[in-house]
Number of protein chains: 2
Amino acid sequence: MSRKKPSIKEVAALAGVSIATVSNVFSGRKPVNDELKESVRQAAHELGYQLDRAASQLRSGRTRIIAVLVPDLTDTFFATIISRLETAAYAEGYDVIVASSHNDREVESSRLKALLSWRPEGLIAVPCSATIPQELKDARHTLPMVLVDRVATRNAIADTVSIDNREAGEIAARHLLERGHRNIAIGVSSLDHPPIVERKDGAAAIISEATGFPPTILNLGTDIAAGTRAFLDWMERNPQPEAIIALTNVTALSVLSALAEHKIDIPARASVIAFDDYAWMSARNTGLTAIRQPADEIAETAWARLKIRIGHGPHEPVTPTVLNASLIVRASVRDLTPVIEEDSRDQGGLELAKPGKDVRPTKKVH
Amino acid sequence: MSRKKPSIKEVAALAGVSIATVSNVFSGRKPVNDELKESVRQAAHELGYQLDRAASQLRSGRTRIIAVLVPDLTDTFFATIISRLETAAYAEGYDVIVASSHNDREVESSRLKALLSWRPEGLIAVPCSATIPQELKDARHTLPMVLVDRVATRNAIADTVSIDNREAGEIAARHLLERGHRNIAIGVSSLDHPPIVERKDGAAAIISEATGFPPTILNLGTDIAAGTRAFLDWMERNPQPEAIIALTNVTALSVLSALAEHKIDIPARASVIAFDDYAWMSARNTGLTAIRQPADEIAETAWARLKIRIGHGPHEPVTPTVLNASLIVRASVRDLTPVIEEDSRDQGGLELAKPGKDVRPTKKVH
DNA sequence: GTTTAACCGTAAAACGTTTAACAGTGTTGG
DNA sequence: CCAACACTGTTAAACGTTTTACGGTTAAAC
């Protein structure tokens, strides 16, 4: 029970071999006679020997580290990505170092510096805003990296993995329109995030085209409590919309909290489409209709992409990968389309049918 | 734009000083003349110099690393703890390395080994089961560590931070009993987790005492989908309980999903007390009454404790810290106590009153 | 029986820092 | 005026690995 950690030298001494042999036993780099190997193992075990990473890294130049940066660890979407990334990387002998920018550009920059000081062999980052931090730009030619989610696909500085956000917005809007909604508000987290802008643009375009006027855009931020207040404020000054599209899970939570505060029934008095697909969304009597982002698939694609990049070096052209979101239909969107033939352009649909649960069967649309 | 990262040597050469001086400029260990300092900074900037952690660690023996192990990254409770820990540690110049055991003892052991190979200066761990992994036991005298949440407070091998789980269970049970519930089921995640056992025991004791018979215990596991199925299975074979205490946020989600599947209204047809306090719990028309664990406070306490331990060395006696959970009363528990004087021992209370929202004001009970 | 080759070990030189020991300057106190 | 000291900077020795170059056996090939 000595205080100091034993080094390879002591293992070598105890086993009666050179340190190079000990190194070879553990790294498997060169073959070692079986019984020697055994006695080295024995000696190492006896001393409780453990490789010193720092020394190993220094000498070999390989760190086997993958750095991961996300805007918020407590957002299940990012947590899912990290979790997936961690197992994938670990399975291939890499260790993952995680940092969170807490949705703050200053912090992001500082954490990124810390991350890079580990000399990672690869980086997977979800930038917290549209402005790619300088650290990333500087590193792009020397460090394999892939940017995920909050990135513009055009003119990206590195490989990207994201979803077709415009399409996602369109799907949500179309679903609402098909069910007869006209008076639609869109809750966004921040117009500084490219995907949010795209979702919003996608939804807004479809809605404008169908209704002739653009939907209301509500900026609710990335903090749930603040978003709730913002939505409540807005509700006080405006007529309540028929339907709300929340372009983020955080936004959805803000909207739902605000509606709950006023005991506004969903979907009887307001329809909601949420973003992302979490357990709590279906663990309610009126399950939330939502746009699902394939978090697992995003993580796996990013990892696959990073490995390719690590293999190929920086001279391959930048590759954007775009995945597709899908609509999960549950019960939070009311169907306003009248069963009897009527003027479906009627704007006052809200008061038409009497409140009641939507009893259509739940189904998935690709 | 050279491929290779510049070392301290090149910075020294460019600035025309010795490498020791460069080191002093960055570490601040010894004072350096202002203009020299400036020219070193200049040179470093010019070359894009960045300290090599591996070399630094190897020589100094200090890693400034805190290792953190949790059972599941996607569980918001743990994510919150990590997030808090990360900022606290970072503010004091430490870097955090996170690993998830994915609720698997094998994985836990393997990840722990990886974590320890970083030679961290401290470790904060949430073990995934009651059996403390051997790696931790081995390290307890050489590595400052604090065990969080899933630990028994008695005979702990290291400092612990947890909540008073028995009390938490009691609070939940008492709340239900006070509101006239008798037929109570308890959903647990795993009886291999000491806190869960304590919560269960606390609740069960109170319930047994009041009703004369023990509550049903439902083992729903740590996976939401599996838990939902388990609960549905159970519901098929048994009369639905008046009230359910879910001793975990995952369990709560399982129970809620199952109830939602059968469109069982809360609290009209079933009352629910959940665990932990998340945004989605209040973002519903009938907010969930829940036992709140102070995740932030747990993280901060653990960090404070770890710092003390790092300062004091391993010879101080082990200190358990116990925090308190609190009941957040919302609307998911129905009040069965009759307004007119009646036999409150009536077991068939379920059919008595007609379904309706509980409109009592939301209030907190410490 | 000598040459080659294959095999398995070892010695020693890195890797990029930190740090103890030292050295060269003023500056100050006696 | 000299010893003592503070102040800054340098030299060189670590730290624990990996890895290159080499050496010594043994077996195979001629």
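Residue numbering restarts at 1 for every chain, and letters A, B, ... go by the order of the sequence lines.
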Would you indicate which nucleotide in [options] comes nearest to any side-chain atom of [X]?
{"X": "Asn24(B)", "options": "dT10(D), dT19(D), dT10(C)", "value": "dT10(D)"}
{"X": "Val32(A)", "options": "dT17(D), dT17(C), dG9(C)", "value": "dG9(C)"}
{"X": "Ser7(A)", "options": "dT18(D), dT17(C), dT17(D)", "value": "dT17(D)"}
{"X": "Leu51(B)", "options": "dG9(D), dT18(C), dA11(C)", "value": "dT18(C)"}
{"X": "Lys30(A)", "options": "dT18(C), dG9(C), dC15(C)", "value": "dG9(C)"}
{"X": "Asp52(B)", "options": "dG16(C), dT17(D), dG9(D)", "value": "dG16(C)"}
{"X": "Leu58(B)", "options": "dT18(C), dC15(D), dT18(D)", "value": "dC15(D)"}
{"X": "Pro31(B)", "options": "dT8(D), dT17(D), dT10(D)", "value": "dT8(D)"}
{"X": "Ile19(A)", "options": "dA12(C), dG16(C), dT18(C)", "value": "dA12(C)"}

Taking OP1 and OP2 of [N], is either one under 4.0 Å from a side-chain nitrogen or oxygen of [X]?
{"X": "Ser60(A)", "N": "dT17(D)", "value": "no"}
{"X": "Thr21(B)", "N": "dG9(D)", "value": "no"}
{"X": "Ser23(A)", "N": "dT18(D)", "value": "yes"}
{"X": "Ser56(A)", "N": "dT17(D)", "value": "no"}
{"X": "Arg29(B)", "N": "dT8(D)", "value": "no"}

Quick one about [Y] and [X] (side-chain donor to acceptor, distance below 3.5 Å, no hydrogens or angles considered), yes or no?
{"X": "Ser109(A)", "Y": "Gln134(A)", "answer": "no"}
{"X": "Thr319(B)", "Y": "Arg305(B)", "answer": "yes"}
{"X": "Gln42(A)", "Y": "Glu38(A)", "answer": "no"}
{"X": "Ser129(A)", "Y": "Arg105(A)", "answer": "yes"}

Figure out the [atom1]/[atom2] separation between [X] and [N], and round it to whole Å.
{"X": "Lys9(B)", "N": "dA12(D)", "atom1": "NZ", "atom2": "P", "value": "13 Å"}
{"X": "Trp118(A)", "N": "dG16(C)", "atom1": "CH2", "atom2": "P", "value": "18 Å"}
{"X": "Lys5(B)", "N": "dC15(C)", "atom1": "NZ", "atom2": "C1'", "value": "15 Å"}
{"X": "Glu10(B)", "N": "dT17(C)", "atom1": "CD", "atom2": "C1'", "value": "14 Å"}
{"X": "Ile8(B)", "N": "dT10(D)", "atom1": "CD1", "atom2": "P", "value": "12 Å"}
{"X": "Arg53(A)", "N": "dT17(C)", "atom1": "CZ", "atom2": "C1'", "value": "19 Å"}
{"X": "Asn33(B)", "N": "dG24(C)", "atom1": "CG", "atom2": "C1'", "value": "15 Å"}

Is there a side-chain contact between Leu306(B) and Ile124(B) (heavy atoms, below 4.5 Å)?
yes
Quick one: label Gln50(A) by what it contacts on the DNA or RNA (base, sugar-phosphate, nothing), any heavy atom closer than 4.0 Å.
sugar-phosphate
For a quick check of understanding: with a heavy-atom distance under 4.0 Å over all strands, which category does Tyr49(A) fall into, base, sugar-phosphate or nothing?
sugar-phosphate
On a plain distance test, is the side chain of Arg59(B) in donor-acceptor contact with the base of dT17(C) below 3.5 Å?
no
Strand partner of dC30(D), provided both Watson-Crick or wobble distances fall under 3.5 Å
dG1(C)
Parallel under 30°, tilted from 30 to 60°, perpendicular over 60°: which one fits the rings of Phe26(A) and Tyr49(A)?
tilted
